[in-house]
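Here is how names work: the chains are called A, B, and so on, in the same order as the sequence lines, proteins then strands, and each is numbered from 1.
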2 protein chains.
Amino acid sequence: MKQGDGVDGTVGKAFDVLDQVAVAGRPVRFAELLEGSAYPKATLYRLLQTLTRQGMLALDPDLGTYAPGMRLVRLAHVAWAQSSLAPLARPMLDRLAVQTGETVHLAQLDQGQVLYVDKRHAARPVEMFSSAGKVGPAYCTGVGKAMLAHLPDAALEDALARQSFHRFTATTLDTPQALKAELRAIRANGHAYDREEHEAGIICIAAPILSQAGRVLGAVSVTTTTAHSDLAGLDRWAAPIKQTAAAIATAAEGWQFPQP
Amino acid sequence: MKQGDGVDGTVGKAFDVLDQVAVAGRPVRFAELLEGSAYPKATLYRLLQTLTRQGMLALDPDLGTYAPGMRLVRLAHVAWAQSSLAPLARPMLDRLAVQTGETVHLAQLDQGQVLYVDKRHAARPVEMFSSAGKVGPAYCTGVGKAMLAHLPDAALEDALARQSFHRFTATTLDTPQALKAELRAIRANGHAYDREEHEAGIICIAAPILSQAGRVLGAVSVTTTTAHSDLAGLDRWAAPIKQTAAAIATAAEGWQFPQP
DNA sequence: TTTCTGGTTTCATTATGTGGAACTTTGTTC
DNA sequence: GAACAAAGTTCCACATAATGAAACCAGAAA
């Protein structure tokens with residue numbers, strides 16, 4: 001297992017198990033979880049029972065499989081609505097989506113990964129994986145690289161340490177060295193490209209959302225397919241996307257959660 | 001407190017606290033939580049610390065306020081994607097939204113409340129967590145009543161016991177008796193109305209999604225404003241909405257999660 | 001300074017969770 | 001349909017991890 005092993009007592013273990021179920025990507029049986037688990041049979045059993053009773057897991061009574069439960073959806077709604085980026089970025093994303101006519105993403109950096117927190121669909125629906133709550137690699141996506149490029153050194157090293165580089169396509173930058181060179185370039189001209197680095201046929205341009213003080217708050221991207229455009233074509237969105245990012249940054253900056 | 005008091009040990013307590021933060025509806029300070037909490041100072045403190053370290057809560061370092069954390073959004077994404085209703089209902093909702101040109105909702109019954117799991121709006125195509133994950137009362141919404149109407153007796157009584165009836169508007173049915181009479185009518189003609197019972201100016205028509213065996217899987221609704229239409233006007237969607245519900249039921253019925 | 005209020009740490013006590021092993025149920029094989 | 005295997009559930013002596021009263025600390029207000 002990668003993290004959190006044994007720390008934070010019983011509660012930590014419970015979340016470990018929850019993650020394990022989520023990470024499976026499909027409903028899983030007890031036995032299957034057991035052989036991926038750090039915990040002994042009885043312990044795992046009791047944890048699953050508790051999580052299920054609490055609504056954090058859903059147990060399919062027929063198949064005996066566990067999946068993340070709907071209570072998480074309730075809680076996530078509140079998390080999203082109270083976060084300091086996604087809710088107030090909505091109008092700006094709307095505008096950018098209309099302006100570009102392409103798919104637009106808003107993402108944050110979370111645990112060294114890209115966490116997509118909002119998206120707008122193009123009129124012309126692009127077939128790809130994405131929506132709020134989805135996570136992706138940081139080192140080979142436009143939003144990911146845009147954010148990494150503006151991280152302080154220590155934070156960058158920490159983020160890099162969490163990556164396990166995988167060569168998704170021929171253009172994937174799969175070494176820290178190659179990535180760091182790219183990050184310098186991104187930092188220099190203020191926006192990042194995804195040159196089919198994560199998925200063949202999918203390209204994008206992305207800009208970081210930076211606070212006044214230079215802290216990375218998130219990133220915005222405009223995505224398209226190679227069938228429909230190319231990198232040079234995406235360049236015409238460089239200015240609008242930066243403007244959008246700036247507008248979101250401004251809105252996020254002095255923002256306070258509205259009182260009732 | 002309403003539920004889960006003291007059960008399920010430490011993990012249960014942790015989730016209690018998580019709920020308490022979520023239910024506040026805004027970022028809250030330690031002291032504020034303390035005086036709504038069943039737990040003593042030190043215990044609550046440690047629980048908050050653990051939840052924060054785990055990413056389930058986010059602590060604003062400046063204000064010292066807690067809010068639900070982004071890890072929940074990740075998990076909820078998986079929960080949603082693996083649920084047996086929302087993901088496969090998407091194309092049907094799309095169609096209904098286009099057909100009606102109105103706002104369309106998909107909901108489930110969860111803990112006696114209405115849990116919205118998807119939504120379409122004619123103008124604004126896809127907005128994920130802004131509406132998915134939202135909860136509402138069952139006794140005064142179209143989807144809620146549609147589902148309650150088709151619950152087995154025991155389940156209905158259980159659901160009713162969880163309601164605390166509040167008179168939102170002049171038309172709200174705020175007694176079990178009035179509600180039960182309405183449920184009989186709904187059962188008879190297969191669809192439910194919301195006659196501005198939850199919010200003034202908002203009306204809707206809803207149909208339950210029933211499995212072959214008659215089990216309540218969820219509900220679909222078409223919503224509009226009194227400024228724009230009236231109940232009679234909504235009636236023209238009765239047939240399409242029932243057809244949609246049936247289509248979703250069929251899709252959900254023999255559905256298995258796709259293997260990798 | 002003193003007095004608050006809000007937040008953090010300590011530590012002896014005990015409740016809580018642990019996990020090996022035994023047991024039961026379910027489903028497969030001959 | 002008996003015999004076997006695999007998956008799932010319960011037990012219980014034991015150890016760890018959670019408890020919470022009280023003490024402590026920091027900053028704001030008087």
Side-chain angles (χ1 to χ4, degrees), chain A residues 1 3-21 23-24 26-69 256-257 259, chain B residues 1 3-21 23-69 82 256-257 259:
Chain A
M1 299 291 94
Q3 53 146 349
D5 267 27
V7 299
D8 275 335
T10 316
V11 177
K13 289 180 198 177
F15 291 143
D16 255 17
V17 172
L18 195 51
D19 258 356
Q20 215 178 118
V21 174
V23 117
R26 72 199 149 79
V28 277
R29 305 183 78 75
F30 175 74
E32 197 170 350
L33 285 168
L34 183 58
E35 65 170 325
S37 176
Y39 311 114
K41 216 178 179 184
T43 302
L44 180 64
Y45 180 75
R46 253 177 296 106
L47 286 172
L48 285 170
Q49 212 171 242
T50 303
L51 287 167
T52 304
R53 203 166 26 230
Q54 291 287 333
M56 300 308 241
L57 287 179
L59 169 62
D60 184 316
D62 301 321
L63 304 171
T65 56
Y66 295 89
Q256 295 288 44
F257 196 86
Q259 300 306 319
Chain B
M1 300 290 93
Q3 53 147 349
D5 268 27
V7 298
D8 276 335
T10 316
V11 177
K13 288 180 199 177
F15 291 143
D16 255 16
V17 171
L18 194 51
D19 258 356
Q20 216 176 115
V21 173
V23 116
R26 70 198 149 80
V28 277
R29 305 183 128 281
F30 175 74
E32 196 170 351
L33 285 168
L34 184 57
E35 66 170 323
S37 177
Y39 310 114
K41 214 178 180 184
T43 302
L44 179 65
Y45 180 75
R46 254 177 296 106
L47 287 172
L48 286 170
Q49 212 171 241
T50 303
L51 287 167
T52 304
R53 202 165 28 228
Q54 292 286 335
M56 301 305 242
L57 287 180
L59 169 61
D60 184 317
D62 302 320
L63 304 170
T65 56
Y66 295 89
Q82 289 187 22
Q256 294 288 45
F257 196 87
Q259 300 306 320

Separation of D:dA7 atom P from A:Leu44 atom CG, nearest Å, is 14 Å
Taken to the nearest whole Å, CG/A:Asp60 to P/D:dA7 is 18 Å
Quick one: which protein N/O atoms are closer than 3.5 Å to N/O atoms of nucleotides 7-12 of chain C? Pair and distance per line, please.
residue: C:dG7; atom: OP1; partner: B:Arg29; partner atom: NH1; Å: 2.5
residue: C:dG7; atom: OP2; partner: B:Ala31; partner atom: N; Å: 2.7
residue: C:dG7; atom: N7; partner: B:Lys41; partner atom: NZ; Å: 2.7
residue: C:dG7; atom: O6; partner: B:Lys41; partner atom: NZ; Å: 2.7
residue: C:dT8; atom: O5'; partner: B:Tyr45; partner atom: OH; Å: 3.0
residue: C:dT9; atom: OP2; partner: B:Tyr45; partner atom: OH; Å: 3.4

note: A:Asp16, atom CG; C:dT18, atom P; distance rounded to Å ~ 12 Å
B:Leu18 and A:Met56 have their tightest heavy-atom pair at CD2-CE, 4.3 Å
Distances for protein N or O near nucleotides 26-30 of chain D N or O, under 3.5 Å:
none

Correct closest heavy-atom pair for B:Gln82 and A:Pro27 would be OE1-N, 3.5 Å
Residues pairing under side-chain hydrogen bond (donor to acceptor under 3.5 Å, both in side chains) where one sits in residues 57-67 of chain B, two or more places apart or in two chains, turn out to be none
In whole angstroms, the gap separating C1' of C:dT16 from CG of A:Leu47 amounts to 12 Å
Heavy-atom closest pair (B:Val21 atom, B:Ala67 atom, distance to 0.1 Å) is CG1-CA, 3.9 Å
Margin query: Check the phosphate of D:dA18 against A:Thr10, side-chain N and O only, distance under 4.0 Å to OP1 or OP2. Yes or no?
Written below: yes
To the nearest 0.5 Å, atom CG of B:Asp16 lies from atom OG1 of B:Thr10 at 12.0 Å
Computed from five pairs at either end and rounded to 10 degrees, the angle between the axes of the helix from C:dT1-D:dA30 to C:dC30-D:dG1 is 30°
Across all chains, not counting sequence neighbours, the side-chain hydrogen bond (donor to acceptor under 3.5 Å, both in side chains) partners of A:Arg29 are none
Between CG of A:Asp8 and P of C:dT16 the distance, given in whole Å, is 19 Å
Side-chain touch A:Tyr45/A:Leu34, heavy atoms, less than 4.5 angstrom:
no
One should read off an interatomic distance between B:Lys13 NZ and B:Gln20 CD, to the nearest 0.5 angstrom, of 13.5 Å
Task: Heavy-atom check, side chain of A:Phe15 versus side chain of B:Leu51, under 4.5 Å - done: yes
For A:Leu44 and A:Leu33, the nearest pair of non-hydrogen atoms, with its separation, is CD2-C, 3.9 Å
Rounded to whole Å, the CG-C1' distance (B:Leu34 to C:dG6) equals 10 Å
In short, salt bridge (charged side-chain N to carboxylate O under 4.0 Å, His left out) pairs touching residues 44-53 of chain A with sequence neighbours left out are A:Arg53-B:Asp8
